[in-house]
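Here is the structure we will look at.
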Amino acid sequence: MEKHSLDCTEDQAWLGEGRSETQLTGDPSGAETNDEDRPAWDSKIQYVLAQVGFSVGLGNVWRFPYLCHQNGGGAFMLLYVFLLLIVGVPLFFMELAAGQSIRQGSIGVWKHISPKLAGIGYSSCLVCFYVALYYNVIIAWSLFYMGNSFQYPLPWQQCPVDVTTNETVKECASSSPTSYFWFRKALNITNSIQESGEFNAIMTGCLLAAWTIVSLAMIKGIKSSAKVMYFSSVFPYVVLFIFLIRGLMLDGAMEGITYMFYPKLEIWGSVQVWRQAATQVFFALGLGYGSVIAYSSYNPVHNNCHRDALMVSGINFMTSVLASLVVFVVLGFRAKNIALRCVAENLGVLNQMSSSGSNQHWWPWFNMTDVTSVSIADYREWYGHYGSMVGPKITDCNLEEEMNEGVEGTGLAFIAFTEVMALFPASPFWSTLFFLMLLNLGLSTMFGTMQGILTPLMDNFSLLGRHRTALTVCSCALGFIIGLLFTQRSGNYFVTMFDDYSATLPLVIVVIFETISVAWVYGTDRFLDDIEVMLKWRPPVVYKYLWKYVCLFAMVGLLAASLLRMVFKTPTYTAWNQSTGSETTLEYPGWALAMIIMLIVFASLPVPFGYIHSIVKNRRARDTPSPEGGDQEMHRERYTKCSSTQQMDSSPHQGHSQEDGVHPRTAFLPVGNEHYQLLPQEEEEEEEELDTGV
């Protein structure tokens with residue numbers, strides 16, 4: 001099967017600019033690449049668990065349910081599925097196919113298409129490092145809570161007593177036992193980001209333990225991390241199903257589920273909701289990190305990556321729905337308990353007023369002495385008639401208002417859920433199970449994030465590739481040292497900063513350039529041809545138009561919306577006020593805004609720097625006479641031909657192909673050991689010799 005000739009006018013600006021134009025010859029027999037030095041997955045199940053474990057993370061549990069809750073329930077889910085199908089799956093498939101065909105990490109993949117694009121891979125590595133820094137802090141928090149779950153009663157079940165005054169600690173009385181334990185006992189947080197405070201010794205130890213676990217699991221590459229994946233990827237599903245079954249038995253579960261799925265179609269007219277749905281699709285699949293590319297690069301060449309893309313995306317979405325069900329049955333139970341407690345407190349006040357002989361023409365018609373027999377509906381009906389007559393001491397007890405108070409992120413895991421689990425019988429068991437689930441969700445994502453850093457570096461720098469263990473240990477040690485920023489008393493504010501700003505814009509920029517590289521630089525037709533060789537069937541032509549137009553415009557729109565939001569809405573964070581025992585919203589100080597800008601710029605700079613560096617080196621190579629000039633001219637002549645068939649006719653491998661009696665086929669699919677090699681840094685000069693224009 002012969003490749004179509006390239007169009008001279010359309011592609012001449014990029015022809016000869018990188019490895020994609022060397023057009024590595026495909027083996028006519030279709031034999032798979034067997035790269036002896038490159039690790040491989042022991043089985044397909046290992047690979048699937050790794051991809052699912054990376055893409056299914058804490059965001060599925062504590063971000064998706066919140067977005068669904070705040071943005072129209074079932075209507076948001078429909079919008080999410082729509083964007084998943086037209087943007088998420090095509091981009092996920094693109095990264096899987098690129099990694100599997102070129103068999104390198106993110107740096108090598110984009111350098112392979114053109115040396116000018118190598119900066120995309122370096123940006124991915126930087127963003128992965130940002131995420132790894134704060135993500136492991138969340139794992140450290142989970143370790144701390146899991147360690148505190150082995151006691152009864154749970155330490156966050158009730159407020160402590162001040163020994164000097166023999167009264168409940170004021171900060172806890174003003175908030176709740178779970179909020180007090182989180183902000184004061186776990187974080188010992190300051191009142192703002194400007195008050196750094198000393199290091200939290202316990203959290204520092206937990207962070208060291210978290211990095212040690214990651215280092216030990218990653219020390220042998222995918223051979224060691226894949227074995228851990230069998231547990232860390234599967235166990236969260238076991239726990240989610242256990243919690244769902246237990247939660248459905250709780251009073252208030254049905255109210256929570258009804259609230260979750262009730263559709264509010266008017267939200268489709270909100271640009272903000274579209275932005276949030278697109279962002280969630282983007283981060284749920286782990287696009288742009290390089291981890292998807294790294295994992296797929298260890299696959300056999302003829303693995304069906306299209307089926308993998310559909311399967312992993314489907315599992316990811318169903319996990320989000322499952323987690324949302326668990327969250328809402330638990331929050332429904334919590335909201336109903338709060339509402340019933342409100343009714344009981346108000347009835348107590350009414351009983352006191354009754355005993356004092358107050359006017360009783362507005363007394364409730366139900367039995368105030370038996371609190372358990374009074375339903376929320378009965379109380380609210382009475383309050384609707386007489387609430388204005390009874391004075392400010394009697395309040396409304398609205399279950400929907402409690403449900404409206406959406407909880408996300410750490411507030412959901414470490415405050416709302418801990419409050420509910422304290423109400424369960426055998427609460428230490430449920431608490432241990434929950435935080436063990438969070439620990440495994442975090443670790444499986446952390447393994448993928450670290451793979452997105454280590455694989456490109458080992459592929460691109462042969463020295464690092466020869467010392468995998470030392471690179472892994474040093475990377476984890478560096479992560480722990482920089483991560484000490486997050487173990488200060490103000491560390492939670494920096495975690496919020498990194499989570500909100502360090503990855504979003506750089507990752508969107510990375511994926512935009514990835515899409516441009518495949519769709520417009522390399523060419524969608526040629527990319528689909530290479531996928532056809534791998535899969536032995538051609539993917540639907542709709543991917544061509546999705547990659548070239550829909551995905552690209554969607555990512556540019558997301559970037560514009562995110563930038564406009566940052567410009568017109570001053571970045572803020574939620575701080576804890578110790579004196580009032582409540583959360584307040586504060587604006588970041590000037591130095592923190594400068595830090596946010598530096599994080600974004602620093603992660604995005606490798607893209608333009610890589611382009612400029614490639615051009616400068618290319619010009620120097622042209623201006624510098626070389627003793628191998630004649631040989632170089634031979635290569636120049638080879639790459640100035642516009643027809644891909646003509647290129648291969650002048651190839652040194654021509655004789656071999658003709659002997660087999662098969663047409664040579666051009667592709668960037670490295671099929672065959674003799675035509676494929678890694679791209680170590682030491683060979684960069686040799687690559688630049690091939691970097692010519694037409």
Side-chain angles (χ1 to χ4, degrees), residues 58 61-63 65-66 69-70 137-138 140-149 151 153-162 165 167-193 195 197 200 202-203 206 327 330-342 345 395 397 401-424 427-428 430-431 434-435 438 486-496 499 572-586:
L58 296 172
V61 174
W62 67 31
R63 181 65 179 164
Y66 170 77
H69 168 260
Q70 294 293 96
V137 177
I138 300 174
W141 294 341
S142 300
L143 283 171
F144 173 79
Y145 266 82
M146 191 173 72
N148 278 278
S149 298
Q151 49 185 304
L154 292 171
W156 52 81
Q157 193 160 338
Q158 53 192 8
C159 285
V161 175
D162 189 338
T165 61
E167 294 179 355
T168 301
V169 174
K170 182 182 177 183
E171 184 182 3
C172 184
S174 303
S175 53
S176 69
T178 51
S179 296
Y180 175 80
F181 186 86
W182 166 240
F183 288 112
R184 188 56 48 217
K185 294 297 184 179
L187 302 179
N188 194 20
I189 200 166
T190 56
N191 287 333
S192 73
I193 196 172
E195 305 172 27
N200 186 326
I202 296 177
M203 281 304 169
C206 290
V327 167
V330 169
L331 291 183
F333 170 67
R334 173 176 175 264
K336 193 156 189 179
N337 266 275
I338 293 173
L340 287 173
R341 193 160 58 241
C342 169
E345 290 173 357
T395 58
C397 299
E401 282 186 5
E402 295 298 335
M403 290 295 298
N404 275 330
E405 294 181 5
V407 187
E408 66 168 329
T410 53
L412 174 66
F414 300 109
I415 297 177
F417 254 79
T418 52
E419 180 181 328
V420 172
M421 286 181 295
L423 302 174
F424 285 1
S427 54
W430 295 104
S431 180
F434 176 73
F435 288 109
L438 287 189
F486 306 108
T487 63
Q488 307 175 89
R489 290 182 59 196
S490 60
N492 185 50
Y493 303 136
F494 288 99
V495 170
T496 303
D499 188 31
T572 59
Y573 67 100
T574 302
W576 178 256
N577 189 314
Q578 183 175 358
S579 58
T580 62
S582 61
E583 292 180 320
T584 56
T585 300
L586 302 177

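What you see is a predicted model; the values in this text were computed from it and never measured.
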**Message:** Using the rule side chain to side chain contact (heavy atoms under 4.5 Å, CB included), only one of Ser174, Ser175, Ser176, Pro177 pairs with Cys159; which is it?
**Reply:**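 Of all the options given, the one that passes is Pro177.
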**Message:** Please tell me whether Trp156 and Phe414 form a close aromatic pair, meaning their ring centres lie under 6.0 Å apart.
**Reply:** no
Report yes if the side chains of [X] and [Y] come closer than 4.5 Å at any heavy-atom pair, otherwise no.
X	Y	result
Ser149	Phe434	no
Thr418	Phe435	yes
Trp576	Asn492	no
Val495	Trp141	yes
Tyr66	Val327	no
Trp430	Val420	no
Trp62	Ile138	yes
Phe424	Ser431	no

Under a 3.5 Å distance rule, please check whether [X] uses its side chain to pair with a backbone N or O of [Y] as donor and acceptor.
X	Y	answer
Tyr493	Thr190	yes
Thr168	Ala173	no
Arg184	Ile189	yes
Ser427	Leu423	no

**Asked** Looking at Ser579 and Lys170, what are the two nearest heavy atoms and their distance?
**Response**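 Looking at all heavy atoms of both residues, the closest pair is O-CE, 4.3 Å.
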**Request:** Check Tyr573 against Ile193 and note the closest heavy-atom contact, atom names and distance.
**Result:** OH-N, 3.1 Å
**Request:** Find the distance between OG (Ser582) and CZ (Phe183) and round it off to the nearest 0.5 Å.
**Result:**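 That separation rounds to 10.0 Å.
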**Message:** With a sphere of 6.0 Å drawn around CG of Leu586, does it hold more than 12 non-hydrogen atoms of other residues, nucleotides or ligands?
**Reply:** yes
**Request:** Go through the steps for Phe494 and Val137 under the test side chain to side chain contact (heavy atoms under 4.5 Å, CB included), then give the verdict.
**Result:** CA-CA 11 Å; Phe494 288 99; Val137 177; over 6 Å; no
